[in-house]
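Here the structure comes first, spelled out in structure tokens, and everything after it is commentary.
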Number of protein chains: 2
Amino acid sequence: MNLQQFRFLREAARQKFNITAAARALHTSQPGISKAIIELEGELGVPIFARQGKRILGLTPPGQQILLAAEKIMQEVDNLKKLARDYAGAPSGTLRVATTHTQARYVLPPVVQKFARKFPQVRLKLLQGNPPQIAQMLVNGQADVGIATESLAETPGLACIDIYEWTHVAVVPPGHALARLQATPGRLTLKDLARHPLVTYEAHFAGRTRIDAAFAEAGIEPSIVLEAIDADVIKTYVAAGMGVGIIAGVAADPAHEPLIVLPCGHLFGRNVARLAVKQGAYLRGFVYSFIEMLAPGWDKRRIEEAFAP
Amino acid sequence: MNLQQFRFLREAARQKFNITAAARALHTSQPGISKAIIELEGELGVPIFARQGKRILGLTPPGQQILLAAEKIMQEVDNLKKLARDYAGAPSGTLRVATTHTQARYVLPPVVQKFARKFPQVRLKLLQGNPPQIAQMLVNGQADVGIATESLAETPGLACIDIYEWTHVAVVPPGHALARLQATPGRLTLKDLARHPLVTYEAHFAGRTRIDAAFAEAGIEPSIVLEAIDADVIKTYVAAGMGVGIIAGVAADPAHEPLIVLPCGHLFGRNVARLAVKQGAYLRGFVYSFIEMLAPGWDKRRIEEAFAP
DNA sequence: GCCTATTACGGAAACCGTAAATATT
DNA sequence: AATATTTACGGTTTCCGTAATAGGC
């Protein structure tokens, strides 16, 4: 029994029991993985993979439990490596932040700049994806922290803290019919919006859930003419006159925006942007620092408490 | 990095960083352990042992964390082995029960008999010790379940369930001055007892704590002339006229006892015998069966809930 | 001087990659 | 026929035990 076998087993499971794919992912040979797992089965005396001849269908019941144990072990090994690097020398390394466009474009820049100044030897990687992908990256250990409004709190195996609240805004070009509400945005209604073609986020993104829910509850079916991942694209099309945009408030600065910005908090409610890490993961010192910079008021002690199971 | 290194590290820590002792315990060579740990340090890039020349003093700060991770990993490996054996074939194996004399002599016999009938292929080992030793055996993985009244609930890293309540009794030879209270045992007082030399358990055993506490609270200092680990010894000396015995109620059956038995629940309160396992340990099927036999009313589901963190 | 940890060394075993064979769709 | 898994094989590396050396107390 050795760690290599656990690593192989974990990867094989992640690759849906395709050993060839696992070999590619781990930069090793396919027979090596096959043999290692067969040896593990031999040593334990139980089959792990349910096979039909040479086809692997999935896990046997004991195989499921063994995989679970293997994942725990590998997580501890990962933690061990990280903490060793933490103590080994200068805080060099890589901070991998999985996040959405909204955060990366409008929220993170000042934080990232500050972080880069404080930890010049830490490489920063921004991994963009939609919230479910972000959650998956955390679970798989491909990212250290994830930031998004959706998915994170609902994904088992992750630990979250709330960072900030935000609300949606509608954006229209100057001269648009709704522009007259600029002085009294509180009077904007769902019906007003539904009278125009809408441009907003794709499913899963930045509170899109809330938008759909609000219209559904009011029994109104808006016509969404364009869906995009990011507010920049949405604003571009709004400026081109394609319709009314609904975007996250953080993505629109009324002062510097050529478009008219109409707050919509009263229509779509409040959203909470959250930061998540994998439960049980060891966090290197600079990860705590990053979180502290992003969410003022959280220090290492409070963060640890929030992440404890 | 490999499991062997973790195994060696754990044992070295258990042996108070005496590598020679660890080698003996693991039936391997001392240079092997030394080298394995040095290699681990090299790979991680941090010292694990605080050394003064060639003397190992203890753990460095990162070493403490590494040891923690190593112990978690080894626990998972142990669990893996056990669950594999569980699925591998007939439920053969060994059930190691750490317990005190009181339990082994008066409580466990019927349970053990029943268990042996149901699982003829499981070898049973009764490991006797005092409660702190029992707790230690569980923590070290040298025993699967522990049963005792004291220590278990207070030891971190163990998970407990209550099995039964019991109270103390006083035993005196026929004709003793206190024998006249046999019809009205409720009138027995601490003062009555303190007027005679007492024979009871050693510290740490079977509710001795309670006995001392009760006398201390009443401001009475009893004269304890003899302390023993087990009720058999105590009863022997009581029969010989050395004094009044105070023992666990389960250890005295009034019907078959040559001695007079006087219940003392009103003097020393109630005690709870507990069963404990190591937190996070995998329990083989027959371990659950054993617990169910010992503590009727507990099924596998309830036990798992009680042991969950 | 005795005990303990580390270094040196050599044989055995394990590991891992290429190549071939075999099973599955 | 094409793809995927397992078996076969061989070179390299790692492992581990014995023997020797160095370092505390």
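Order of the sequence lines fixes the chain letters, A, B, ..., with proteins taken first and strands second; residue numbering starts at 1 for each chain.
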Problem set entry | Salt-bridge contact B:D232-B:R105 (side-chain N to carboxylate O under 4.0 Å) | yes
Exercise. Are the charged groups of A:R51 and A:E41 less than 4.0 angstrom apart, N to O?
Worked result: yes
Problem set entry | Contacting residues from residues 25-32 of chain A, given that a heavy atom lies under 4.0 angstrom of DNA chain C | A:T28, A:S29, A:P31
Seminar exercise, completed: Those residues at least two apart in sequence (or on a different chain) that pass side-chain hydrogen bond (donor to acceptor under 3.5 Å, both in side chains) with A:E227 are A:R208
Exercise. How would you list, by chain and number, every residue that makes a side-chain hydrogen bond (donor to acceptor under 3.5 Å, both in side chains) with B:E71, sequence neighbours excluded?
Worked result: none
From [atom1] of [X] over to [atom2] of [N], roughly how many Å is that when rounded to an integer?
{"X": "B:R7", "N": "D:dC15", "atom1": "CZ", "atom2": "C1'", "answer": "13 Å"}
{"X": "B:N18", "N": "D:dC25", "atom1": "CG", "atom2": "P", "answer": "14 Å"}
{"X": "A:E41", "N": "D:dT7", "atom1": "CD", "atom2": "P", "answer": "11 Å"}
{"X": "B:I38", "N": "D:dC15", "atom1": "CD1", "atom2": "P", "answer": "14 Å"}
{"X": "A:I37", "N": "D:dT7", "atom1": "CD1", "atom2": "P", "answer": "13 Å"}
{"X": "A:I33", "N": "D:dA4", "atom1": "CD1", "atom2": "P", "answer": "14 Å"}
{"X": "B:K54", "N": "D:dC25", "atom1": "NZ", "atom2": "P", "answer": "13 Å"}
{"X": "B:I56", "N": "D:dG23", "atom1": "CD1", "atom2": "C1'", "answer": "12 Å"}

Exercise. Looking for any heavy atom pair under 4.0 Å, which part of the strands does B:F49 touch: base, sugar-phosphate only, or nothing?
Worked result: nothing
For this session: Using a 4.0 Å heavy-atom cut-off across all strands, classify A:F8 as base, sugar-phosphate, or nothing.
Result: nothing
Problem set entry | Partners passing side chain to side chain contact (heavy atoms under 4.5 Å, CB included) against B:Q15 (at least two apart in sequence or in another chain) | B:E11, B:A21, B:A22, B:A25
Seminar exercise, completed: The side chain to side chain contact (heavy atoms under 4.5 Å, CB included) partner of B:R284 among B:D86, B:L95, B:L83 is B:D86
Seminar exercise, completed: Here the salt bridge (charged side-chain N to carboxylate O under 4.0 Å, His left out) pairs for residues 131-144 of chain B, sequence neighbours left out, are B:R96-B:D144
For this session: Identify the 5'-most and 3'-most nucleotides of DNA chain C with at least one atom closer than 4.0 Å to a non-hydrogen atom of chain B.
Result: C:dT4 to C:dT7
Problem set entry | A:Q65-B:Y87 side chain donor-acceptor pair, cut-off 3.5 Å | yes
For this session: State whether A:T20 places a side-chain N or O below 4.0 Å from either non-bridging phosphate oxygen (OP1 or OP2) of D:dA4.
Result: no
Problem set entry | salt bridge (Lys or Arg N to Asp or Glu O under 4.0 Å) between B:E39 and B:K35, worked out | CA-CA 6 Å; B:E39 268 170 13; B:K35 195 151 164 284; 3.4 Å; yes
